[in-house]
Amino acid sequence: MLLFAATPTAAEPPLFQSRQLTPVGEYTFGIEGPAVDREGNLFVVNIGRAGTIGKLAPGAARSEKFIDLPEGSVGNSIRFNREGTMFIADYKKHNIFALRRGSLEPEVWFHSDQMSQPNDMTIASDDTIYASDPNWKGRSGRIWRIARTADGSVHGEVMEAPRAMGTTNGIDLSPDGKRLYVSESNSGQLWSYAIGGGRLTDARLIRTFEPDTVDGLRTDVAGRIFVARILRGAITIVRPDGAVEKQVILGGKEPTNMAFGGSDGKTVFVAQRQGGFIETFRTDQEGREHCLQDAQC
């Protein structure tokens, strides 16, 4: 008789239970803009000092410096398109940089002195970038639409909106790309808009949180909205109708933003301003942008 020892399989981590992934102090107080590329690498701005981008390889527990931005530029948001181009919002010098796949030299994709500061971004399936542009002192904000035109140039414009916006911050699209979700930090409100070219229409107030307790947000393929509750130490998962589905309690109290990654797009990486580290938890649905990069959405 032959006896075969059973090979133990690693237990799947429980869903929606966060743990610290990287050491305290890796990133500055300006830790922001996490994004994951197709190879599963996580990129986050401001590792060690302002004006840098850090990289966390799949399975690693420590980040390393990836690149320095041009002198005087400081990143606030990172996103990837389907081709693997990294876009970086430089809030200091009002640039959107493009870093081609395989390159270490960021190029200015778009610049406007009319911006207060490009803050967070999201990318549509046709590579159109939507960027929040808060005026923190004025407690107001706008949304920019940045896209390549028929002649190959890149054009950016402030989108017309049906209401005066507060300090626009987190931003992402619905899975079908027809609606744009925007959080406003000063009021704590989460809004939804229909997109019509360069115009936003059909403004809907989805939910109101406490003032100054919302930061970045991301959507999943099921249409849920993951909201970083800065100063509240949580990620609140909201359905499009405004109902709260779940609250993920974090170890740190100041989450700024998050990104979906992992082999199946169901691992969430959270940037923690308090302590300058990354937390992570598993969820039950793939992130919208992860699905977009895999050309499945």
Side-chain angles (χ1 to χ4, degrees), residues 15-18 34 77 119-124 130-134 139-143 145 159-196 199-250 253-260 265-266 268 270-271 279 281-292 297:
L15 298 180
F16 307 110
Q17 292 189 23
S18 190
S77 175
N119 189 70
D120 199 4
M121 300 182 293
T122 188
I123 297 182
Y130 299 95
S132 60
D133 183 24
R139 299 178 74 80
S140 61
R142 304 172 296 183
I143 302 298
R145 181 182 183 272
M159 301 185 76
E160 295 181 30
R163 54 176 291 275
M165 296 181 177
T167 48
T168 51
N169 196 334
I171 186 170
D172 207 351
L173 289 157
S174 59
D176 62 9
K178 294 180 179 180
R179 298 198 72 86
L180 191 68
Y181 299 112
V182 182
S183 64
E184 297 182 0
S185 289
N186 64 314
S187 64
Q189 293 178 342
L190 177 61
W191 286 84
S192 168
Y193 301 92
I195 299 173
R199 298 180 62 231
L200 297 174
T201 62
D202 188 28
R204 301 178 187 175
L205 177 60
I206 296 178
R207 192 168 187 89
T208 300
F209 299 97
E210 300 90 344
D212 302 310
T213 66
V214 294
D215 202 318
L217 62 87
R218 289 288 166 249
T219 56
D220 66 14
V221 294
R224 300 179 303 186
I225 309 152
F226 288 56
V227 183
R229 304 295 312 288
I230 196 162
L231 304 180
R232 292 294 183 265
I235 302 297
T236 302
I237 303 174
V238 181
R239 294 200 294 263
D241 63 4
V244 172
E245 183 171 303
K246 193 174 294 291
Q247 186 108 308
V248 181
I249 304 303
L250 304 173
K253 295 300 181 185
E254 299 183 4
T256 57
N257 213 330
M258 75 213 84
F260 287 79
K266 298 179 183 179
V268 179
V270 182
E279 285 191 49
F281 65 88
R282 293 281 292 166
T283 180
D284 56 355
Q285 296 287 340
E286 183 181 10
R288 181 194 71 86
E289 284 188 343
H290 185 276
C291 187
L292 185 72
C297 298

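This structure is a prediction, so every number in the text was calculated from the model and none was measured.
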Does one side chain, of [X] or [Y], offer a donor that lies under 3.5 Å from an acceptor on the other?
X      : Y      : result
Arg179 : Ser192 : yes
Ser183 : Asn169 : no
Arg139 : Thr167 : no
Asp120 : Ser77  : yes

[X] side, atom [atom1]; [Y] side, atom [atom2] - distance, nearest 0.5 Å:
X      : Y      : atom1 : atom2 : value
Thr283 : Asp220 : OG1   : CG    : 6.0 Å
Glu245 : Ile237 : CD    : CD1   : 6.5 Å
Gln285 : Thr219 : CD    : OG1   : 12.0 Å
Asp212 : Asn186 : CG    : CG    : 7.0 Å
Leu173 : Tyr181 : CG    : OH    : 9.5 Å
Leu217 : Asn257 : CG    : CG    : 7.5 Å

**Message:** If you apply the rule side-chain contact (heavy atoms from CB on, under 4.5 Å), what do you find for Lys266 with His290, and how did you get there?
**Reply:** CA-CA 9 Å; Lys266 298 179 183 179; His290 185 276; over 6 Å; no

**Message:** Do the side chains of Arg204 and Asp241 get close enough for a salt bridge, i.e. N-O under 4.0 angstrom?
**Reply:**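 No.
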
**Message:** Salt bridge check, Asp284 against Arg224: does any charged N sit closer than 4.0 Å to a carboxylate O?
**Reply:**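 Salt bridge between Arg224 and Asp284, a charged N being under 4.0 Å from a carboxylate O: yes.
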
Do [X] and [Y] have side-chain heavy atoms sitting under 4.5 Å apart?
X      : Y      : answer
Arg163 : Trp191 : yes
Leu200 : Pro162 : yes
Arg229 : Glu210 : yes
Val268 : Ile235 : no
Glu254 : Asp215 : no

**Aromatic ring pairing Phe16/Phe281, orientation class (parallel under 30°, perpendicular over 60°, tilted between)** =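 Taking Phe281 first and then Phe16, their aromatic rings sit tilted (interplane angle of 30° to 60°).
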
Compare every heavy atom of [Y] with every heavy atom of [X], then report the nearest pair and how far apart it is.
X      : Y      : answer
Ser185 : Val214 : OG-O, 3.0 Å
Phe260 : Glu286 : CD2-C, 4.3 Å
Pro255 : Ala234 : CG-O, 3.7 Å
Ala131 : Met121 : CB-CG, 4.1 Å
Arg218 : Met258 : CG-O, 3.3 Å

**Request:** With Asp172 as reference, evaluate Leu180, Ile225, Thr122, Val182 under the side-chain contact (heavy atoms from CB on, under 4.5 Å) test and give the passing residue.
**Result:** Thr122

**Prompt:** Can you check whether Leu190's main-chain N or O pairs, donor with acceptor, with Arg207's side chain at less than 3.5 Å?
**Reply:**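 No; zero donor-acceptor contacts below 3.5 Å.
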
**Asked** Is the side chain of Arg282 donor-acceptor paired with the backbone N or O of Leu15 at a distance under 3.5 Å, no angle test?
**Response**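 Here the side-chain-to-backbone pair does not exist.
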
**Item:** From CA spacing to verdict: side-chain contact (heavy atoms from CB on, under 4.5 Å), Tyr193, Ile143
**Value:** CA-CA 11 Å; Tyr193 301 92; Ile143 302 298; 5.9 Å; no

